[in-house]
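Scroll down for the structure; my scribbles are underneath it.
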Amino acid sequence: MSQQMINLLVVSDESLQRLASRTLIADDSDVTVIGEAVDERQAVALTSALRPDVILLDSRLCKGNNLHIIATLADPARSRFKPGSPQLGNAPHRVLVMNLTGLDAYALAALRAGARGLVLASDPALDLLAAIKTVALGGAVLPPQHTRILMETVRQHHTRPEVPPAGGSSQLTAREQQVLAAIASGWSNADIAVLLSVSLSTVKTHVTRIFRKVGIRKRVEAVALAYESGILTPSR
């Protein structure tokens, strides 16, 4: 481990979570918290001003339509979600996401958006510190259960044949299967765009085609279809 101090920015809208993170890190001589942010605006401003080595990001800020926070911080040069005020520059920032609670699809989406690591809030302090140091050195960190899930997801996307839709003779393409899986996992169109690195209009086109092919009208119907066809399987 390098003797250089690791500067950490903590991003969470929960004051208790920020305090807990600071407390867990307080006794380690290699890591220091140089700032705290409560939302994306503050995270962008403090990242620009302080240039932290690692950004510890509460996943609760990344749900719904806010997955782009990771993309904005992790790779400003490529992000489609440019903030309007403080400039982050083009250099990527190392983002470590915390507070995952079995969100399988989210784990994959966070990595696709640019996160360098994923940790659980329930992890011991030593595990959190080890994750911070690993990410600071350019490495990647995943909880064991997410490693298994992501490996299985990659395997399925590369080996699963096209599935005949329930409502017609047409078959979904591999990309349409990915979109269907994301819809069934609860992702919005905006998040699916980040997940698959495509435009929002492209996602809307895929959704329209999927619904027309399989003969459904509501996203909730896509959930049943995804499980019935085997595109998604229940978590074990």
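Heavy-atom basis, side chains included; hydrogens, waters and symmetry copies ignored.
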* Decide yes or no for V207 and I183: does some side-chain heavy atom of the first lie under 4.5 Å from some side-chain heavy atom of the second? => yes
* To do: Report yes if some heavy atom in the side chain of V135 is under 4.5 Å from a heavy atom in the side chain of V141; otherwise report no.
  => yes
* Structure fact -> Value for CG (L180) from CZ (F211), rounded to nearest 0.5 Å, stands at 8.5 Å
* Would K133 and D30 count as a salt bridge (Lys or Arg N to Asp or Glu O under 4.0 Å) if you check the C-alpha gap in whole Å, the side-chain angles of each, and the deciding distance to 0.1 Å? -> CA-CA 8 Å; K133 294 174 184 179; D30 292 324; 3.4 Å; yes
* Rounded to the nearest 0.5 Å, how far does CD of E40 lie from CD1 of I70? -> 11.0 Å
* Is a side-chain N or O of R94 found less than 3.5 angstrom from the main chain of A136, in a donor-acceptor match? -> yes
* Enter the distance from H93:NE2 to T72:OG1 here, rounded to the nearest 0.5 Å. => 10.5 Å
* Asked: Yes or no on side-chain contact (heavy atoms from CB on, under 4.5 Å) for I6 and T32, after CA distance, side-chain angles and deciding distance?
  -> CA-CA 6 Å; I6 297 171; T32 184; over 6 Å; no
* For the atom pair NE2 (H206) and NZ (K213), what is the distance rounded to the nearest 0.5 Å? -> 10.0 Å
* Consider only side-chain N and O atoms of T202 and T205, and report whether a donor and an acceptor are under 3.5 Å apart. => no
* Asked: Short question: side chain of Q177, backbone of A174 - any donor-acceptor pair under 3.5 Å?
  -> no
* Report yes if some heavy atom in the side chain of L96 is under 4.5 Å from a heavy atom in the side chain of I132; otherwise report no. => yes
* What is the minimum heavy-atom distance between A37 and A43, and which atoms define it? -> CB-N, 3.5 Å
* Please round to the nearest 0.5 Å and tell me the distance separating atom CD1 of I69 and atom CD1 of I55. => 11.0 Å
* So, for S12 and Q17, which heavy atoms are closest and what is the spacing to 0.1 Å? -> OG-CB, 3.5 Å
* Which pair of non-hydrogen atoms, one from L200 and one from A190, has the smallest distance, and what is that distance? -> CD1-N, 3.7 Å
* **Where L56 and S21 come nearest, the two heavy atoms and their spacing** => CD2-OG, 4.0 Å
* Would a 4.5 Å heavy-atom cut-off, applied to side chains only, mark R22 and E36 as touching? -> yes
* **Worked verdict on L128 versus M98 for side-chain contact (heavy atoms from CB on, under 4.5 Å)** => CA-CA 9 Å; L128 173 60; M98 185 174 66; 4.3 Å; yes
* Asked: For N7, does its backbone N or O pair with a side-chain atom of D53 as donor and acceptor, under 3.5 Å?
  -> yes
* Asked: Nearest 0.5 Å, what's the CG-CG distance between L129 and D28?
  -> 4.5 Å
* **L19 reachable from L9 in the ILVMFWY side-chain graph, under 4.5 Å edges** => no
* **I34 reachable from V44 in the ILVMFWY side-chain graph, under 4.5 Å edges** => yes
* Asked: Tell me, do L8 and I25 make a side-chain contact under 4.5 Å, heavy atoms counted?
  -> yes
* To do: Kindly indicate whether the side chain of V38, heavy atoms from C-beta on, has any atom under 4.5 Å from the side chain of E14.
  => no
